Amino acid sequence: MREDIQEILFDEKTLAARVAQLGSEITRDYQGKNLLLVCILKGSLVFMADLMRHIQIPASIDFMSVSSYGSGVNSSGEVKIIKDLDRPVQGADLLIVEDILDSGQTLFHLCRMLRRRGPASLRIAVLLDKPERRQVEIRPDYTGFEVPDRFLVGYGLDYDEKYRNLPFVGILKPEVYTR
Ligand code: IMP
Ligand code: MG
């Protein structure tokens with residue numbers, strides 16, 4: 001697995017430190033709110049698990065699975081719900097937890113859909129943001145790191161369902177997805 005990685009961008013220590021900071025910011029901002037963390041499967045699993053343990057106020061969690069990518073590296077601009085939330089979100093302060101914001105299509109459509117369900121508020125936390133790639137107007141409220149336009153894997157992020165279990169975020173060697 002490691003031999004397919006060109007460069008490690010964020011190692012375990014760097015990720016842990018930044019995620020802890022985000023957790024503190026969320027703790028501060030959501031005092032007295034009805035926080036519901038919405039983990040977008042599967043890429044956000046690792047980020048969510050670490051982030052929620054740094055949030056020191058009551059919070060509920062739920063999971064959603066949407067797809068726009070299939071197994072490739074290009075966005076189709078379509079969002080399909082594979083698994084919906086278990087419960088209604090009326091009155092909840094939703095915080096969407098996402099691994100990476102790329103074209104923005106996935107979150108743009110997802111936010112539009114969730115807003116129609118009447119949450120008290122809706123914000124976005126992303127671990128990684130590739131601002132150069134943005135196709136739609138969407139801004140995360142919490143961002144771990146801005147990253148260059150390269151294909152990244154690890155810490156939950158996959159290529160063709162692999163590499164999610166790497167403990168760091170790294171750049172995948174292009175020959176892995178062009179071969
Ligand atoms: P968007 O709709 O183009 O913003 O795509 C967001 C989704 O694409 C993310 O949730 C990821 O699943 C996937 N994605 C985008 N860039 C990468 C990457 O560099 N590595 C792995 N997955 C990515
Ligand atoms: Mg994904």
Side-chain angles (χ1 to χ4, degrees), residues 1-12 14-15 18-19 22 36-52 61-85 94-116 122-179:
M1 226 177 9
R2 180 62 185 82
E3 63 280 5
D4 293 342
I5 305 304
Q6 189 169 77
E7 185 192 334
I8 294 178
L9 281 190
F10 308 111
D11 64 15
E12 282 186 80
T14 308
L15 288 167
R18 183 67 187 127
V19 171
L22 292 176
L36 172 59
L37 299 167
V38 174
C39 174
I40 309 302
L41 296 170
K42 306 171 198 167
S44 308
L45 164 76
V46 182
F47 177 39
M48 172 82 161
D50 284 346
L51 180 67
M52 64 188 275
I61 64 170
D62 207 339
F63 299 87
M64 201 164 182
S65 179
V66 297
S67 91
S68 62
Y69 265 70
S71 64
V73 291
N74 288 306
S75 179
S76 62
E78 290 268 298
V79 177
K80 193 169 78 182
I81 297 188
I82 314 280
K83 184 225 169 286
D84 206 341
L85 298 173
L94 285 195
L95 182 59
I96 297 178
V97 178
E98 175 64 310
D99 52 356
I100 184 164
L101 190 53
D102 186 45
S103 72
Q105 295 283 0
T106 309
L107 279 185
F108 182 83
H109 290 99
L110 185 65
C111 286
R112 214 178 45 182
M113 197 165 65
L114 290 176
R115 263 193 213 100
R116 287 200 292 260
L122 177 64
R123 294 176 121 192
I124 298 168
V126 297
L127 178 69
L128 307 170
D129 185 10
K130 282 184 191 169
E132 287 170 59
R133 296 262 304 166
R134 206 59 35 79
Q135 294 169 359
V136 293
E137 178 61 39
I138 185 159
R139 275 172 170 279
D141 300 281
Y142 304 92
T143 304
F145 304 95
E146 287 199 355
V147 292
D149 181 12
R150 308 295 296 278
F151 200 80
L152 309 178
V153 294
Y155 197 71
L157 289 116
D158 73 308
Y159 169 67
D160 203 11
E161 296 298 329
K162 292 190 285 281
Y163 309 104
R164 294 192 195 277
N165 51 324
L166 287 171
F168 53 78
V169 172
I171 299 174
L172 187 63
K173 286 183 181 165
E175 57 258 40
V176 175
Y177 53 86
T178 51
R179 74 183 163 217

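Read the numbers this way: they start at 1 and go in the same order the structure lists the ligands and their atoms. Computed from a predicted model, the values in this text were never measured in an experiment. In what follows, every heavy atom counts, from backbone to side chain, and hydrogens, waters and symmetry copies are set aside.
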Closest to atom 21 (C) of ligand 1 (judged by heavy-atom distance), picking from Leu152, Leu172, Leu110: Leu152

Whether Arg150 lies under 4.0 Å from ligand 1, heavy atom: yes

Gly104 heavy atom under 4.0 Å from ligand 1: yes

Part of Arg133 with heavy atoms under 4.0 Å of ligand 1, whether side chain, backbone, both or neither: neither

Proximity flag Leu157 to ligand 1, non-hydrogen atoms under 4.0 Å: yes

Test log, rule side chain to side chain contact (heavy atoms under 4.5 Å, CB included), inputs Asp84 and Met64: CA-CA 5 Å; Asp84 206 341; Met64 201 164 182; 3.5 Å; yes

Enumerated ligand 1 atoms positioned under 4.0 Å from heavy atoms of Glu98: 10 (O)

Ligand 1 atoms in contact with Lys130 (distance to a heavy atom under 4.0 Å): 16 (N), 17 (C), 18 (C), 19 (O)

Atoms of ligand 1, numbered as shown, that sit under 4.0 Å from any heavy atom of Thr106: 1 (P), 2 (O), 5 (O), 6 (C)

Rounded distance [0.5 Å steps], OH in Tyr163 versus CG in Leu152: 13.0 Å

Nearest non-hydrogen partners of Asp158 and Val153, listed with the distance: C-CG1, 3.8 Å

Numbering as shown, the atoms of ligand 1 that approach Gln105 to under 4.0 Å (heavy-atom distance): 2 (O), 4 (O)

Derivation of the side chain to side chain contact (heavy atoms under 4.5 Å, CB included) call for Phe145 and Thr14: CA-CA 10 Å; Phe145 304 95; Thr14 308; 3.9 Å; yes

Asp4 side chain to Tyr159 side chain, donor-acceptor N/O pair below 3.5 angstrom: no

Heavy atom of Asp158, distance to ligand 1 below 4.0 Å: yes

For the student: nearest non-hydrogen atoms of Pro131 and Val147, plus distance: CD-O, 4.0 Å

Pair Leu15-Val46, side chain to side chain contact (heavy atoms under 4.5 Å, CB included): steps then yes or no: CA-CA 11 Å; Leu15 288 167; Val46 182; over 6 Å; no

